[in-house]
Amino acid sequence: MQDIRLNYVNGSWRSGEEQGERRNPSDQNDVVARFAIASSQDVRDAVAAARKGLSSWRAMSPQQRCDILDRVGSEIARRTDELATLLSREEGKTLPEARAEVTKAVHTFKYFSGEAVRVGGASLPSVRAGIDVDVRREPVGVVAMITPWNFPFSIPCWKTAPALAFGNCVILKPSELTSAIAWELAALMHDAGVPPGVFQLLMGDGRVGSALLEEPGIDAVSFTGSAVVGQKIASRAVPRGIKLQLELGGKNPLLVASDADMNKAVDATIKGAFYSSGQRCTASSRIIVESEIHDRFIDELVARTAQLRVGNALDSSTHIGPLVSAAQLERVSGFIEDAAREGVRKAFGGETVQRDTEGFFFQPTIYLDGRMGQTINREEVFGPVVSVFRAGDFDEAVRIANDTPYGLSAGIFTETHSKARAFMRASRSGMVTVNLPTVGSDYHVPFGGNGASGYGPKEMGLGAVEFYTQTKTIYVGD
Ligand code: NAD
């Protein structure tokens, strides 16, 4: 077991007043970490320290900021296996998934270290004679970040790296379920020489996040999590004029057209719906199949799903690790009960799984004859559960795909160029994939949802530039 992990405020480690504990969701006998819960004094001090940190961070040259972020990226790369093992023990994703997440964090820091020296602006002629116009990008200020447990390392990294690159100070409040891996980010910042006040870590549950939002002195909030909590955060931030970025849930469709490559479409369904136990905001949860190939698709999907092994995330033979917590297992089981009550036809799964160790294991689950009125097809389940819809034709399939207030990720499998293009145009989602799973993204282009899946500028790429900078227009006369 690790020693207690402390909060990080103004360049020092703080013990807070209470402690939390996290156990491995694959093995409840394994205590992953104990951590200090931030006190209200820690919250106040973190905001005050971040405000003071702004001037020292801005006084550093872009090259110095670039070098620090580059060092963080190199150190994460050097420690990939160790960090991935911790991530897997704490969150429950398999080791290959955890390694991929850590590698994404490396790329994110490396990319944004370069952006620190590339931050652009524009120089234009004025429409009036004898005047020059400059549009500069400047930091927003103090940014509070509230993050979920499902990508507990890469999400804090993909918020922190651009925020620091562009000269902001950060207060991170990670999920209480994944404090240990978030703590590693604070330790990396400390060791890389980030000055006091520039990065703060406050651990604890929603009460710490809520207290943080009460503090004056925050200029922007970046939140990733559920729609319910996102709405609470918006109701606090918007009236106070705080710049806001919300990345919320999804009910992501994958359309399988009659001419799709069946093997690839089934493979993408399994990866998108079941891997990471379906606990991805971009997970495919509604598979809409044109009726011509519907029955064959179901046969192949069920046969391939039956071969998946659910088990301990650290076991190399495991395809699907546990759900993150007892509460998440209860939530997913609740949706299964709703489906049974509503008479939804099940083709596979729907049961908890027992293994040698006590963990929150759940079978990949396939429902048939999907209808949008069914609870399981309206709400985000966040578990390894998928519903297959039968669509009479392509137009009906596109209508079903768009029949949700969410709009995060949407995919299509087709060999026909015109169908792919029609889907790209018609989809209301923030991200569209063609002949690829709905999951998976690059770090240099915007990531995020439309409709009920997001609010404000998106993350990563240009989205990060928009959120973590604000423009200043300067007119210069003779
Ligand atoms: P959650 O909304 O329960 O919690 C997210 C964070 O908010 C946690 O740190 C939590 O402690 C904090 N929090 C809870 N109540 C709060 C309050 N009243 N005030 C301030 N902070 C509060 O979400 P979760 O269960 O951790 O994560 C799963 C959700 O995240 C899913 O809905 C998923 O779709 C979403 N998600 C979205 C994206 C995206 O980019 N769109 C990515 C990953 C996850």
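Read the numbers this way: they start at 1 and go in the same order the structure lists the ligands and their atoms. Because only heavy atoms are used, hydrogens play no part in the values below, and waters and symmetry mates are left out as well, while side chains stay in. Heads up: numbering here begins at 1 and tracks the sequence. All values reported here derive from a predicted model rather than from experimental measurement.
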So the atoms of ligand 1 within less than 4.0 Å of a heavy atom of I146 turn out to be 6 (C), 7 (O), 9 (O), 12 (C), 20 (C), 21 (N)

Which atoms of ligand 1 have any heavy atom of I155 under 4.0 Å away?
42 (C), 43 (C)

Judged on heavy-atom distance to atom 14 (C) of ligand 1, which of A144, A211, G206, S210 sits nearest?
G206

With a 4.0 Å cut-off on N to O distance, would you call E379 and K251 a salt bridge?
no

Should the pair K104 and F151 be classed as cation-pi, given the thresholds of under 6.0 Å to the six-membered ring centre and 45° from the axis?
no

Could you give me the CA-CA distance, side-chain angles and deciding distance for Y8 and Q200, then say whether side chain to side chain contact (heavy atoms under 4.5 Å, CB included) is met?
CA-CA 5 Å; Y8 187 63; Q200 267 72 218; 5.8 Å; no

Would you mind listing which atoms of ligand 1 come within a distance below 4.0 Å of any non-hydrogen atom of N150?
43 (C), 44 (C)

Those atoms of ligand 1 less than 4.0 Å from some heavy atom in K173:
8 (C), 9 (O), 10 (C), 11 (O)

Here the gap from S179 atom OG to F35 atom CZ, rounded to the nearest 0.5 Å, amounts to 3.5 Å

Atom CG in L314, atom CG in N24: separation rounded to 0.5 Å?
6.5 Å

Under 4.0 Å from a heavy atom of L248: which atoms of ligand 1 are those, numbered in the order shown and with their elements?
34 (O), 37 (C), 38 (C), 39 (C), 41 (N)

Parallel, tilted or perpendicular: rings of H444 and Y111 (30°, 60°)
perpendicular

Near P174 (heavy-atom distance under 4.0 Å), the atoms of ligand 1 are 9 (O)

